[in-house]
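Below is one structure; the comments refer to it alone.
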There are 2 protein chains.
Amino acid sequence: MKNFIADLNKSFESRVRLGIMSILMVNDFVDFGTLKEQLQITDGNLASHINALEKLEYIQIRKQFVGKKPNTSYASSEEGKKAFTEHLIALEKLIKKSG
Amino acid sequence: MKNFIADLNKSFESRVRLGIMSILMVNDFVDFGTLKEQLQITDGNLASHINALEKLEYIQIRKQFVGKKPNTSYASSEEGKKAFTEHLIALEKLIKKSG
DNA sequence: TAATTTAACTTTGCAGCACAAAGTACTTTT
DNA sequence: AAAAGTACTTTGTGCTGCAAAGTTAAATTA
């Protein structure tokens with residue numbers, strides 16, 4: 001039997017990152033405030049996780065104005081979707097193994 | 001909608017911990033060497049994760065001799081199984097959401 | 001019997017991470 | 001003019017993961 005945990009992506013270990021990606025898998029361009037509200041975390045914490053995911057090119061950023069207010073939104077990139085999907089597949093295997 | 005990542009158990013975030021629990025969910029009393037081989041990690045790393053899980057009372061330890069060699073084995077406790085199952089359920093919800 | 005090996009750790013040390021809290025810059029609302 | 005909102009950045013702390021090396025005690029080999 002091969003080492004099954006090797007297929008899990010280290011970048012998606014944290015709950016917050018899982019949460020962000022999970023939201024961005026099914027919603028195109030979700031803004032900062034919405035993510036913050038959904039995940040119930042502090043500004044700084046969210047910003048740092050977003051930053052990490054962006055450096056990995058798993059998400060992309062769009063800045064615009066809604067009315068006269070600044071609004072920053074995030075979407076998962078193709079690469080991000082691929083990587084996250086692979087991670088979920090590895091998780092599912094693990095779940096099946098445990099069931 | 002409620003905060004779905006709150007149901008994820010922080011103790012099971014790491015790949016190694018996921019791996020250990022996953023193995024112990026379906027095997028009763030797996031020994032140190034076997035875990036190490038399956039997970040392909042160093043002695044110290046495995047020992048520290050085991051230690052953490054034991055402090056949480058998620059696993060239990062049995063020390064014995066096999067032939068004349070010392071042999072330490074680990075099994076998941078009822079509480080550990082419960083906690084891990086809940087974690088997996090939370091993960092599955094997240095996976096479904098992302099699908 | 002001395003040296004090596006095996007099993008299961010413990011210790012050490014470090015870099016990285018999560019997180020909260022506070023600070024910042026700019027704008028809008030009151 | 002003051003307060004509030006948006007989206008951060010900075011700071012600081014404490015925890016984690018991990019490798020590598022050291023430890024203990026018994027077993028095997030030379």
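Here is how names work: the chains are called A, B, and so on, in the same order as the sequence lines, proteins then strands, and each is numbered from 1.
For A:Ile41 and C:dA20, the CD1 to P distance is 8 Å, given to the nearest whole Å. Atom NZ of A:Lys10 and atom P of C:dA15 are 16 Å apart (whole Å). Separating the CG atom of B:Asp31 from the C1' atom of C:dA8 is a distance of 11 Å, rounded to the nearest angstrom. A:Ile61 places its CD1 atom 14 Å from the C1' atom of D:dT9, with the value rounded to the nearest Å. Atom CZ of B:Phe65 is separated from atom C1' of D:dT28 by 15 Å (rounded to the nearest Å). Counting to the nearest Å, the P atom of C:dA8 and the CZ atom of B:Arg62 are 12 Å from each other. Taking atom NZ of residue B:Lys63 and atom C1' of nucleotide C:dC9, one finds them 7 Å apart after rounding to whole Å. Atoms NZ (B:Lys36) and C1' (D:dC18) sit 14 Å apart, rounded to a whole Å.
Taken residue by residue, residues 45-55 of chain B places heavy atoms nearer than 4.0 Å to DNA chain D at B:Asn45, B:His49. Within a heavy-atom distance below 4.0 Å of DNA chain D, the residues of residues 11-26 of chain B found are B:Ser14, B:Arg15, B:Val16, B:Arg17.
The two residues B:Leu8 and A:Arg15 make their nearest non-hydrogen contact at O-CD, 3.5 Å. The two residues B:Gly19 and A:Ile5 have their closest heavy-atom pair at CA-CG2, 3.6 Å.
Within the 4.0 Å cut-off from OP1 or OP2 of C:dT29, not a single side-chain nitrogen or oxygen of A:Lys69 is found. Side-chain nitrogen and oxygen atoms of A:Lys68 include none within less than 4.0 Å of the OP1 or OP2 phosphate oxygen of C:dT29. One finds no side-chain N or O of A:Tyr74 lying less than 4.0 angstrom from the OP1 or OP2 phosphate oxygen of D:dA7. Put simply, A:Thr42 has no side-chain N or O that comes within less than 4.0 Å of OP1 or OP2 on C:dC19.
When atom types are taken as modelled, the side chain of A:Ser73 and the backbone of A:Arg62 share no donor-acceptor pair closer than 3.5 angstrom. At distances below 3.5 Å, at least one donor-acceptor pair connects side-chain atoms of A:Ser98 with backbone N or O atoms of A:Leu94.
Looking at B:Ser11 and B:Tyr58, their side chains come closer than 4.5 Å, going by heavy atoms from C-beta outward. At least one side-chain heavy atom of B:Leu46 sits under 4.5 Å from a side-chain heavy atom of B:Ile20.
Here D:dA7 is the nucleotide among D:dA7, D:dA19, C:dA8 with the atom lying nearest to any side-chain atom of A:Phe32.
Backbone-only contact: B:Asn71 has heavy atoms under 4.0 Å from sugar-phosphate atoms and none from a base.
In summary, A:Lys82 and A:Glu86 engage in a salt bridge, as defined by a charged side-chain N under 4.0 Å from a carboxylate O.
Defined by atom type and a distance below 3.5 Å, a donor-acceptor pair is missing between the side-chain atoms of B:Ser48 and B:Asn51. There is no side-chain donor-acceptor pair under 3.5 Å between B:Thr42 and B:Asn45.
Projected onto DNA chain C by closest heavy-atom contact, A:Asp43 and A:Pro70 fall at different nucleotides, the more 5' of which corresponds to A:Asp43.
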Could you check A:Phe12 against A:Phe84 for ring-ring contact (aromatic ring centres under 6.0 Å, His included), going step by step and ending with a plain yes or no? CA-CA 8 Å; A:Phe12 300 133; A:Phe84 192 63; 5.1 Å; yes

